[in-house]
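The model shown is predicted, which means the values in this text are computed figures rather than measured ones. When a ligand or atom number is given, it counts from 1 through the structure's own listing order.
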Amino acid sequence: MKSRAAVAFEAGKPLQIVEIDVAPPQAGEVLVRITHTGVCHTDAFTLSGDDPEGIFPAVLGHEGAGIVVEVGEGVTSVKPGDHVIPLYTAECGQCLFCKSGKTNLCVAVRATQGKGVMPDGTTRFSYNGQPVYHYMGCSTFSEYTVVAEVSLAKVNPKANPEQVCLLGCGVTTGLGAVKNTAKVQPGDSVAVFGLGGIGLAVIQGAKMAGAGRIIAIDTNPSKFELARTFGATDCVNPKDHDKPIQQVIVEMTGWGVDHSFECIGNVGVMRAALECAHRGWGQSVIIGVAGAGQEISTRPFQLVTGRKWLGTAFGGVKGRTELPGMVEDAMAGRIQLAPFVTHTMPLTEINEAFDLMHAGKSIRSVVYY
Ligand SMILES: NC(=O)c1ccc[n+]([C@@H]2O[C@H](COP(=O)([O-])OP(=O)(O)OC[C@H]3O[C@@H](n4cnc5c(N)ncnc54)[C@H](O)[C@@H]3O)[C@@H](O)[C@H]2O)c1
Ligand SMILES: N[C@@H](CCC(=O)N[C@@H](CSCO)C(=O)NCC(=O)O)C(=O)O
Ligand SMILES: [Zn+2]
Ligand SMILES: [Zn+2]
C-alpha cells in the first residue's frame, strides 16, 4: 500500500515528504495507522548523523499513537481497530531480560531493530523500488508503519492520541527515571539538567515522588516557567555563574543533591551532574544520548566517596505491561501531558518541529496525519 511519510534520505538534510510503499505485515508483525507522533530530540540526534546506529534512507519517529489496521500470521494480542502505542523497547515476556525481573531491556527484536530492519532481516518500506529502513522498531513518521507485535502496547481507545503519544517516549522516560531508576523518596533533593520534554517529565515525576528541593538547570531561561509549574523549587542558568555548575549546586545544597538527572546528551554536563551528587550516597542518572565517539569521565575519587552513576532507557518501563496503566493515569489527570504539547502541525510541516526544537522554542511538537 501507499503511505505518506517524512523520509530521512540523508544525514543532516531536512526530511522529505513523499509517498512510500509499505508491504503487508509478516508473521508476528502488525500494520498500524499512526494518527499522531511527537518529535523527540533523539530523532534529531539520529538525523544529525551522530548516531552510530543511524541508517539512511529511513523513516524516523518513535513517539507515536495509532490504530491497528492488519495483523500478520500468528498475532494474537492485538486486532484491527485496537489503539496502540509503538514501543522502541519491546517486551516479549520470554527472553532472559524480560524474565529477569531486573530490567526492561528486552532483546527479542533489538538486534534487527538496530539495523533498521524487521526480525526477518528485511524492510517493509520502499521508495521507487529502493529499500527504506525502519527506525527504533517504530517509524512513526509514516502514516502506515509495520511493527513487531511485541513492540505494541494496547491502550484505552478513549485516550487523546495527541497527548498519549508522548508516553511512547519522553514523558514515560522522565517519570520512569525517577520512579524505577533513581527511586526518589519523599523529601529527597533532585537536580535536573536540561528542561526539554525529558527534563520536565523528570520534574513532574520528582514532584509526584514527594521530592523536597527540585533544582532545574538550563542554559535557556525560557524553560524555567514551565519547570516551576511542574514543581521546580529553584531554577539555575549556568551562564549566570562564573564557576562550574556542579560547584554552584553543591554550594546551594551543602553537600550536593540526593539525585541528579542528565537530560541533554552532553558528556560535560554528565560529569557535572555526577559531581553535584551528595558525598556518600548521591546518585546521577544519565538519560541524555551522546554521539558516536563521546565518552564520560570524572575523577574516580567521585565514586570512591560514594556517588553512583546510573543510566536508564525508556525510564526502565516495561511498555506492554505498564503503558496501559499510564494512559489511564493520564486520562484521570494523575499524569499531566497537555503542558508538554507546545506545538501541533500536519506532517507536511514536520521540519518546522525540528527547527523549533533546535531554536529552543518548543517542548514537544506533535505531528498529526
Ligand atoms: N534514555 C532514554 O531513554 C531517552 C529517551 C528520550 C530522550 N533521550 C535523550 O534525552 C535528551 C533530551 O531529550 P529532549 O527531547 O528533552 O531534548 P530537548 O532538546 O527538548 O531538551 C534539551 C534541553 O537541554 C538544554 N541544554 C542544552 N545544553 C545545555 C547545557 N549545556 N546546560 C544546560 N541545559 C542545556 C536545552 O536548552 C533544552 O532545554 C536527548 O539527548 C535525547 O536523545 C533519552
Ligand atoms: N543508537 C544509539 C543509542 C540511542 C539510545 O541510547 N537510545 C535510547 C532511547 S532514546 C529515546 O529517545 C535507548 O533506549 N537505548 C537503549 C536501546 O536502544 O536499546 C547508539 O548506538 O549509541
Ligand atoms: Zn525519544
Ligand atoms: Zn524480552
field: Side chain, backbone, both or neither: the part of His41 lying under 4.0 Å from ligand 2 by heavy atom
entry: neither
- request: Looking only at protein heavy atoms, identify the closest one to atom 2 (C) of ligand 2 and say how far it is in Å.
  value: Asp51 OD1, 3.2 Å
- line: atom 10 (S) of ligand 2 sits nearest the protein heavy atom Thr42 OG1, 3.4 Å
query: How many angstroms lie between CG in Leu60 and CZ in Phe354, if you round to the nearest 0.5 Å?
result: 6.5 Å
field: Donor-acceptor under 3.5 Å (Thr342 side chain, Arg364 main chain)
entry: yes
- prompt: Side-chain donor-acceptor pair under 3.5 Å between Asp258 and Ser189, yes or no?
  reply: yes
- prompt: Run the salt bridge (Lys or Arg N to Asp or Glu O under 4.0 Å) check on Arg110 and Glu91 step by step: do they pass?
  reply: CA-CA 10 Å; Arg110 183 61 184 86; Glu91 184 186 351; over 6 Å; no
- prompt: What residue and heavy atom of the protein are closest to atom 19 (O) of ligand 2, and at what distance?
  reply: Arg110 NE, 2.7 Å
Charged N-O contact under 4.0 Å between Lys243 and Glu251: yes
- request: Can you sort out which atoms of ligand 1 are near Lys223, meaning under 4.0 Å from one of its heavy atoms?
  value: 38 (C), 39 (O)
message: If I take atom CD from residue Gln336 and atom CG from residue Leu166, how far apart are they, to the nearest 0.5 angstrom?
response: 12.5 Å
- prompt: Which angle, to the nearest 10 degrees, do you find at the Zn ion (ligand 3) between SG in Cys40 and NE2 in His62?
  reply: 110°
- prompt: What are the atoms of ligand 1, with element, lying closer than 4.0 Å to any heavy atom of Asn220?
  reply: 37 (O)
- line: Contact region, Arg364 to ligand 1, non-hydrogen atoms below 4.0 Å, reads side chain
task: Output yes when Glu19 and Lys2 qualify as a salt bridge under the 4.0 Å nitrogen-oxygen rule, no when they do not.
output: no
field: N or O pair under 3.5 Å between Met357 and ligand 1
entry: no
field: Those atoms of ligand 1 less than 4.0 Å from some heavy atom in Cys40
entry: 6 (C), 7 (C)
- line: Within 4.0 Å of some non-hydrogen atom of Gly194, the atoms of ligand 1 are 23 (C), 24 (O)
Phe301 backbone acceptor or donor facing Thr305 side chain under 3.5 Å: yes
- request: Work out whether the distance between some heavy atom of His358 and some atom of ligand 1 is less than 4.0 Å.
  value: no
- request: State if Phe193 counts as touching ligand 1 under the rule of any non-hydrogen atom under 4.0 Å.
  value: no
statement: for atom 17 (O) of ligand 1, nearest protein heavy atom and its distance come out as His41 CB, 3.2 Å
- request: Please could you name the atoms of ligand 1 that Gly197 approaches to less than 4.0 Å, counting only its heavy atoms?
  value: 16 (O), 20 (O)
statement: In this structure, atom 16 (C) of ligand 2 is nearest to the protein heavy atom Ala313 CB, 3.7 Å
- prompt: Backbone or side chain, does Cys169 get an N/O/S atom under 2.8 Å to the Zn ion (ligand 3)?
  reply: yes
- line: The reported gap from CG in Asn104 to OG1 in Thr321 (rounded to nearest 0.5 angstrom) is 10.5 Å
statement: Counting from 1 in the order shown, the ligand 1 atoms closer than 4.0 Å to a non-hydrogen atom of Cys169 are 5 (C), 6 (C)
task: Look at atom 44 (C) of ligand 1 and say which protein heavy atom is nearest, naming residue and atom and giving the distance to 0.1 Å.
output: Ile287 O, 3.0 Å
query: Contact between Met136 and ligand 2, counting heavy atoms under 4.0 Å?
result: yes
message: I'd like to know if Glu328 pairs up with Arg334 as an ion pair, taking the criterion as any Lys NZ or Arg NE/NH1/NH2 lying under 4.0 Å from an Asp or Glu carboxylate oxygen.
response: no
Option nearest atom 32 (N) of ligand 1 (shortest heavy-atom distance, choices Val236, Thr219, Thr312): Thr219
- request: Looking only at distances, please establish whether an N/O atom of ligand 2 is found under 3.5 Å from an N/O atom of Tyr88.
  value: no
task: Using a strict cut-off of 4.0 Å, indicate which atoms of ligand 2 neighbour a heavy atom of Cys169.
output: 11 (C), 12 (O)
field: Sub-3.5 Å N/O-N/O distance, Val289 and ligand 1
entry: yes
query: Which of the atoms of ligand 2 are close to Cys40, meaning less than 4.0 Å from one of its heavy atoms?
result: 12 (O)
field: Residues Lys154 and Asp82 bridged, charged N to O under 4.0 Å
entry: yes
message: Under a 4.0 angstrom heavy-atom cut-off, which atoms of ligand 1 come close to Tyr88?
response: 3 (O), 5 (C)
Straight-line distance of Gln113 CD to His62 NE2, nearest 0.5 Å: 11.0 Å
query: What is the nearest protein non-hydrogen atom to atom 6 (O) of ligand 2, stated with its residue, atom name and distance?
result: Val289 CG2, 3.6 Å
field: Sub-3.5 Å N/O-N/O distance, Thr42 and ligand 1
entry: yes
task: Do me a favour and list the nearest non-hydrogen protein atom to atom 3 (O) of ligand 1 with residue, atom name and distance?
output: Phe314 N, 2.8 Å
field: Parallel, tilted or perpendicular: rings of Tyr368 and His36 (30°, 60°)
entry: tilted
message: Are any of the N/O atoms on Ile264, whether in the backbone or the side chain, positioned under 3.5 angstrom from an N/O atom of ligand 1?
response: yes
message: If the test is side chain to side chain contact (heavy atoms under 4.5 Å, CB included), which one of Thr312, Leu310, Val192 qualifies with Ile287?
response: Thr312
statement: Checking heavy-atom distances from atom 23 (C) of ligand 1 to each of Asp218, Thr181, Leu356, the winner is Asp218
task: Give a yes or no on whether Glu225 atom CD has more than 12 heavy-atom contacts from other residues, nucleotides or ligands under 6.0 Å away.
output: no
task: For Thr122 and Arg124, test the side chains for any donor-to-acceptor distance below 3.5 angstrom and give the result as yes or no.
output: yes
Distance (rounded to the nearest 0.5 Å) between Leu356 CG and Ser362 OG: 5.0 Å
task: Calculate, to the nearest 0.5 Å, the distance between atoms CZ and CD1 belonging to Arg320 and Ile85 respectively.
output: 13.0 Å
- request: Check the angle between the aromatic planes of Phe230 and Phe340 and answer parallel, tilted or perpendicular using the 30° and 60° thresholds.
  value: tilted
task: Show which atoms of ligand 2 fall inside a sub-4.0 Å distance from at least one heavy-atom site of Pro52.
output: 20 (C), 21 (O), 22 (O)
Distance filter under 4.0 Å to Val269 heavy atoms, resulting ligand 1 atoms: 31 (N)
- prompt: Considering only the protein, which heavy-atom contact is closest to atom 21 (O) of ligand 1, and what is its distance?
  reply: Gly196 CA, 3.3 Å
statement: Closest non-hydrogen atoms of Gly194 and Ile264, given as atom of the first, atom of the second and distance, are CA-CG1, 3.6 Å
Top protein contact for atom 13 (O) of ligand 1, by heavy-atom distance: Ile198 CG1, 3.2 Å
message: Classify the ring geometry of His278 against Trp281: parallel below 30°, tilted from 30° to 60°, perpendicular beyond 60°.
response: parallel
message: Does the residue Gly170 have a heavy-atom contact with ligand 1, meaning some pair of atoms that are separated by less than 4.0 Å?
response: no
For atom 12 (C) of ligand 1, the option (of Gly360, Gly268, Cys263) bearing the nearest heavy atom: Cys263
